[in-house]
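Hydrogens, waters and symmetry mates are skipped; everything else that's a heavy atom, side chains included, is used. Letters go in sequence order (proteins before strands), and every chain restarts at 1. Quick caveat: nothing in here was measured; it's all calculated off a predicted structure.
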Amino acid sequence: MSMNNEFKPKIVAFCCNWCSYAGADLAGSSRLQYPADVKIIRVPCSCRVNPMFILRAFEKGADGVIMCGCHPGDCHYSTGNYYARRRMTLLFSMLEYLGIENGRTRVEWVSAAEGVKFSTTMNEFVDKIRSLGENVRLGDLRCKD
Amino acid sequence: MQRLIDRAKELLASGEVARVLGWKKGDLGFNPEPSYFETAESLDNDFVYDGFCGANLSKYMIEASKKDGKTLVFLKPCDTYSFNQLIKEHRVDREKAYIIGVGCKGKLDIEAIKAMGVKGILEVSGADINSDCETLTVKTLYGDKEVSYNDAMLERCHVCKGKEHQICDEVMLDSRDTKDAERFAEIEKIEAMSPMEKFEFFKKELSKCIRCNACRNVCPACSCRKCVFDSNKFDEATKANVDSFEEKMFHIIRAFHVAGRCTDCGECSRVCPQGIPLHLFNRKFIKDIDTFYGEFQAGEDSETKGPLTAFTFDDVEPSIVTERG
Ligand code: SF4
Ligand code: SF4
Ligand code: SF4
Ligand code: FES
């Protein structure tokens, strides 16, 4: 595992505009640290995250994908995250069934006030992906340039 | 079979229906195909209903619902689940269908017979719906062979949901119990594999895929007017296999799009020219839905909300998956 030393995981974080993206903002303005390897993609609501987005992120080289939304009950569109929760549960279970390590995906509910939670979640997730290493099982199949 | 023809002729003659949707003889004795019949003559000449009529006619009712008058359609027990699901999705018009639920003694898979090493098949007898469906006599270029009817059945018939029609106007012909396996047994076997074994298993299966789209086209749940896989913004729309991750993407998304709506009718696995067991994907979603959100059988009725268009406040969190094992 010598490559772990130099391994810089690529992480994609889908964050809903109303809570989690604001949470990330707060983490930034409070000068809380989270690794620069996390690339945030802002979505209007967690419910906007089509399963294809997750797969595309992996296809394009992500080693881990995390989705963040408002806490259940707090979705700006009332119920979006309830639907997203079911979808992600099923999708992640399918990925595991196909032999993809189940720690490569995660869902976390982060409110606009939870800058600290945002930063600890991201740190934890990056550590997890570091321990899993490069995304070989999805990665060995993708066209690398 | 003659009884079906006579009944269809009766309904045509009385004007109750304008056409009949059934199966017509193929160019071989074991490859009938879906067809419309508009006259008594064509029914007499071409109509067939035997062990090889696996094709589920419910999806054709989308088209038939747009035609004038009623269409008489023959549906096997499993096909009626698809029809209910299509009603739920407002894709077929119940008023435009006259449904005769036909009995079923299990449908046959010519590929299963070939896989037994039977070559040069000319004719298969014993597949008649009125026979006892125990033994098939296969006439080949190299002489006659006998095979057990059950061994030659489609995978889905071994795990048949039962012989009760979920929706129909009348029932004709007898059925036979064919269930001799558990629906989720194969899924559980895969779930018990190590991640690497799972990965290798699916890689081997999916690398056979030629992206012919037959599994999508035949599927009664895949009835979107514009399919995501036909979009030219989707760069794998019609591309052949160049990179097996794309195949995986196609398969996950195809199965995901029918999750909660797939009735497990078995058509996708039946038509795949590469013999890919597509039911392993659909049934994984069905099994997970049952476990996480309570047992659900799509197509049992035409009103209940599907599990992906519903939720409860205390649904399990995705961490139930990402933190296990
Ligand atoms: S699944 Fe059941 S009803 Fe459907 S074709 Fe097979 S035996 Fe007949
Ligand atoms: S029918 Fe079989 S070969 Fe064709 S696209 Fe579907 S899985 Fe691939
Ligand atoms: S995915 Fe397959 S089993 Fe499910 S409804 Fe479609 S054709 Fe039938
Ligand atoms: S708006 Fe944040 S999850 Fe819906």
I'd like to know whether B:F256 forms a side chain to side chain contact (heavy atoms under 4.5 Å, CB included) with A:M94, so could you lay out the CA-CA distance, the side-chain angles of the two residues, the decisive distance to 0.1 Å, and finally the verdict. CA-CA 9 Å; B:F256 195 95; A:M94 176 57 80; over 6 Å; no

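Contact of B:T312 with chain A is made through backbone and side chain together, with heavy-atom distances under 4.5 Å. In this structure, chain B has heavy atoms under 4.5 Å from both the backbone and the side chain of A:P51. Heavy atoms of B:E317 lying under 4.5 Å from chain A belong to its backbone as well as its side chain. The contact between B:L308 and chain A is made by backbone and side chain atoms together, counting heavy-atom distances below 4.5 Å. For chain A, no part of B:F201 is nearby; none of its heavy atoms comes within less than 4.5 Å.
More than 12 heavy atoms of other residues, nucleotides or ligands sit less than 6.0 Å from atom CD of B:E200. Atom NZ of B:K179 has more than 12 neighbouring heavy atoms from other residues, nucleotides or ligands inside a 6.0 Å radius. For A:R48, the CZ atom sits in a loose shell: 12 or fewer heavy atoms of surrounding residues, nucleotides or ligands are nearer than 6.0 Å. B:E164 CD: 12 or fewer foreign heavy atoms inside a 6.0 Å radius.
Classification of A:E96 and B:R324 as a salt-bridged pair holds, one side-chain N sitting under 4.0 Å from a carboxylate O.
Here the closest heavy-atom approach between residue A:N102 and residue B:V321 is recorded as ND2-O, 3.2 Å. What you find for B:L280 and A:Y97 is that their closest heavy atoms are O-OH, 2.9 Å.
Contacts between residues 79-92 of chain A and chain B, counted as heavy-atom pairs separated by less than 4.5 Å, involve A:T79, A:Y82, A:Y83, A:R85, A:R86, A:R87, A:M88, A:T89, A:L90, A:L91, A:F92. Chain A is approached within less than 4.5 Å, heavy atom to heavy atom, by B:K284, B:F285, B:D288, B:I289, B:F292, B:Y293 from residues 284-294 of chain B, ordered by number.
In this structure, CZ in A:F125 is found 8.5 Å from OG1 in B:T322, a value given to the nearest 0.5 Å. Between atom CG of residue A:L98 and atom NZ of residue B:K198 there is a gap of 9.0 Å, rounded to the nearest 0.5 Å. In this structure, CD on A:E108 lies 8.0 Å from OG on B:S319, to the nearest 0.5 angstrom.
Remark: B:H251 pairs with B:F281 by the ring pair (Phe, Tyr, Trp, His ring centres under 6.0 Å) rule, at least two apart or across chains.
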Enumerate, atom names and distances included, each donor-acceptor pair closer than 3.5 Å involving a side-chain atom of residues 30-47 of chain A, sequence neighbours excluded.
{"from": "A:S30", "atom 1": "OG", "to": "A:L26", "atom 2": "O", "distance (Å)": "2.5"}
{"from": "A:K39", "atom 1": "NZ", "to": "A:A36", "atom 2": "O", "distance (Å)": "3.1"}
{"from": "A:R42", "atom 1": "NH1", "to": "A:N17", "atom 2": "OD1", "distance (Å)": "3.1"}

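A:M52 is listed as a side-chain neighbour of B:M249, based on a closest heavy-atom distance under 4.5 Å.
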